[in-house]
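The structure appears below as structure tokens.
This one's a predicted model, so the numbers in the text were calculated from it and none came from an experiment. So you know, we letter chains A, B, ... as the sequences are listed, proteins then strands, and number each from 1.
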2 protein chains.
Amino acid sequence: MSTDPKRSAPAPADTTDTSTRAEGDSPPSIRDVARRANVSVATVSRAFAEPGLVRHETLQRVLAIADELRYRPSRAARSLTTGKTGNIGVVVPDLGNPFFPAILKGAQARAREADYAVFLADSEENPRLEIELVRAMAKQVDGVVLCSSRLKEPQLQQLRRDTTLVLLNRRVRGASGVLLDSAGGMRQAVEHLVAIGHRRIAFLSGPAQSWSNRERRRGLRAGSRGRQLETLEFGPFAPTFEAGQHAADLTVAADVTAVIAYNDLMALGVLSRLADRGIQVPGEMSVVGFDNIPMAGMATPHLTTVALPLELSGRVAIELLVEQLAHPGSGTHEQMLDAQLIVRASTAPPRNDLRSGLRPVNAEPSEPTTAA
Amino acid sequence: MSTDPKRSAPAPADTTDTSTRAEGDSPPSIRDVARRANVSVATVSRAFAEPGLVRHETLQRVLAIADELRYRPSRAARSLTTGKTGNIGVVVPDLGNPFFPAILKGAQARAREADYAVFLADSEENPRLEIELVRAMAKQVDGVVLCSSRLKEPQLQQLRRDTTLVLLNRRVRGASGVLLDSAGGMRQAVEHLVAIGHRRIAFLSGPAQSWSNRERRRGLRAGSRGRQLETLEFGPFAPTFEAGQHAADLTVAADVTAVIAYNDLMALGVLSRLADRGIQVPGEMSVVGFDNIPMAGMATPHLTTVALPLELSGRVAIELLVEQLAHPGSGTHEQMLDAQLIVRASTAPPRNDLRSGLRPVNAEPSEPTTAA
DNA sequence: ACATTTTCTGCAAGCGGTTTCATCTTCCTC
DNA sequence: GAGGAAGATGAAACCGCTTGCAGAAAATGT
């Protein structure tokens, strides 16, 4: 029952006894455990790293002592010899944007499952800082996940020299990446609006250099092609609530019946501004967002939006990275995750008394409503 | 212009030349730099750690070579001898709760300023996991910031043996902490409601074991004491949007004219549910939230809420930790950050035709409205 | 019982830095 | 110009752990 059966000798008051250093000291090292267990440090090391290599009986003893001493191998020391740190870095442009915590959550969870710890850094949308952060991390991580990088391609290629990179929401030659199918989501949104009768819609463009913005615009064009639909583009805007409020007025003036915003934050801004002006949503204006951040479902009216598998994307990014670290030889992979339109209360057929004079007719020319 | 001027010799195909190892190899170590600069490793080490100790001329040379080789000292190796890792851990209960990314943002920024890197972990509201995460981190960090810990006091005391702890939103003997003055904020909220005529209000209680919930209840009692005010308490609830929706119905049934929710998420849930039921806010019911998360100002109607200096609290937590690491002797500090009520559109005087029959009269008995 | 494998375990050499101590220069000072 | 202080550098011993290699122990075959 006592902590240490060996210590049955009477009153070992002297704590300066070198052979059995008391635990009040600095945290126990592998040597402390080895000494107490009467084995070499090598055996202790193996007990933790490769338990199969040590005799069962010995293993038990070592583990017991280690536990008693509250010993935990130092990852720093381990990484020194193995070259692996067991850490993964994640860099996001702005933690204030709900988009990223969601990704982070998935990444964090998956990393822990794979027994990796995660370093977090917020680049504050600043490319220079982003580079600096990755380079600073490089020495302490096995690889980093770069979310929605604001960097130019050559800069990213540079960074690849410092560490293994996995990109999220960005495609770059030679690096693995997970992509969210924004274009597909946009196509769904457009189809939805066309289906319920909209003929003139606006898109609020996000940051110009953003990959996902380009993708969304591409999806917009693809979705409207061949359809009886007029699309207007505004922006580029910062992807913020405030920008959405600002943009709302522009869309009203432009006489459209529906708006698709670059992201939910902006869509929420649009909603807010329209509410302030007394303009009915979806009665007078339909609004579609992007990302399906938690608050999208909480807004009034509940926001129709394109759901991106955010948390999943974080998980997949880590998976790609871990896989690549395990098999450095194998090439890079790219994974596309599907978006999905979530229809809620902020979209509805436009009123008939549109100022634009268009009647909500079926757009599909191939569909023979009347007989041939 | 070429990468390495020294390599002007024709076709150096043989890369096995030991003296001038090409950079295609593993990352350069301190020894590589020392060799190229014709100094000992000690000098290189000093050049980075204690530049004042090396002659200016030598310093320049070493730094130049280091730069050319893209050398960066390994923190892992350094920490091995110094005992300091230069890392700080941050543990949050749930990244999905917007409360925490905000704190994280401040913490991250301040940590970087102090040249610390941050480890992030999400405990998923799970105490056991929380303990495990802290203990796992302990070896790689100099200290950890524990946000809104879900642990009991003795467990926290246990963890203090593993690493330096700073608590956010929690008070514990022997550990530094930063507290958000929830009680004060609550008092402001109550005063506000009383001032505009409410006489019967509900509080939606959060997680039972949460320190901030206890504080908020305390503030509620303190704020209502001596006032002509009836307070009802519901819960405890999970601090979620859905719980707020649920609670909304209860408050309506309880015939109160105003609700104060444990946090914004719940308040938003209340708003949403009331809107769904066609109950006017603030006409028929006033709603107050807590935290002032970004979406509070985006809701319809804009939510009156108690703003907590979230990002600041993250910064302060790191500051406390860094300070304590710098002066291990000095005792622990506790810092209280003020809350501030932000009055927006979700609160207004109650209607006169209240079912409860109370007239919105001035509550201050000392104020002589009519002549003495 | 003895030779051979097969398992375990220990020795010792690093991994990439830091730091103490000693050595060698310089630069003053008298 | 000798003695000494101050400044700059290097040699080497770690820090806590992993791992190749070799010897010891246990298991196996004959």
Would you tell me if any nitrogen or oxygen in the side chain of B:Ser40 comes within less than 4.0 Å of OP1 or OP2 on D:dG10? yes
Any ion pair linking B:Arg112 and A:Asp122 (charged N to carboxylate O, less than 4.0 Å)? no
Could you state the interatomic distance from CZ (B:Arg78) to CG (A:Leu80), rounded to the nearest 0.5 Å? 13.0 Å
Walk along DNA chain C from 5' to 3' and tell me the first and last nucleotide with an atom closer than 4.0 Å to a non-hydrogen atom of chain A. C:dC8 to C:dG16
Could you grab the distance from atom CG of B:Asn169 to atom CG of B:Leu146, nearest 0.5 Å is fine? 11.5 Å
Protein and nucleotides 18-20 of chain D: nitrogen or oxygen contacts under 3.5 angstrom:
from: D:dT18; atom 1: OP1; to: A:Arg78; atom 2: NE; distance (Å): 2.6
from: D:dT18; atom 1: OP1; to: A:Arg78; atom 2: NH2; distance (Å): 3.0
from: D:dT18; atom 1: OP2; to: A:Ser45; atom 2: OG; distance (Å): 2.4
from: D:dT18; atom 1: O5'; to: A:Ser45; atom 2: OG; distance (Å): 3.4
from: D:dT18; atom 1: O4'; to: A:Thr81; atom 2: OG1; distance (Å): 2.9

Qualifying residue, where the test is side-chain contact (heavy atoms from CB on, under 4.5 Å) with B:Ile318 and the options are B:Leu320, B:Val322, B:Val316: B:Val322
Value in whole Å for how far the C1' atom of D:dG10 lies from CG of B:Leu53: 14 Å
In A:Glu130, A:Glu125, A:Gln155, A:Glu124, the residue satisfying side chain to side chain donor-acceptor pair (under 3.5 Å) with A:Arg150 is A:Glu125
Between P on D:dA8 and CZ on B:Arg61, what's the gap in Å once rounded to a whole number? 14 Å
List the atom pairs, donor and acceptor, that lie under 3.5 Å between side-chain atoms in residues 46-62 of chain A and the rest of the protein, sequence neighbours left out.
from: A:Arg55; atom 1: NH1; to: A:Glu57; atom 2: OE1; distance (Å): 3.2
from: A:Arg61; atom 1: NH1; to: A:Ala37; atom 2: O; distance (Å): 2.3

Which of these passes side chain to side chain donor-acceptor pair (under 3.5 Å) with B:Ser176: B:Glu323, B:Gln324, B:His333, B:Glu319? B:Gln324
Categorize A:Arg72 for me: base, sugar-phosphate, or nothing, with a 4.0 angstrom heavy-atom threshold over every strand shown. sugar-phosphate
According to a strict under-4.0 Å criterion, is B:Thr58 in side-chain N/O contact with OP1 or OP2 of D:dT9? yes
Does this structure show an ion pair linking B:Asp115 with B:Arg75, if we count only N-O contacts that are shorter than 4.0 Å? yes
Whole-Å distance, A:His56 NE2 to D:dA25 P, equals 22 Å
Kindly indicate whether the side chain of A:Arg31 and the base of D:dG16 share any N or O donor-acceptor pair separated by less than 3.5 Å? yes
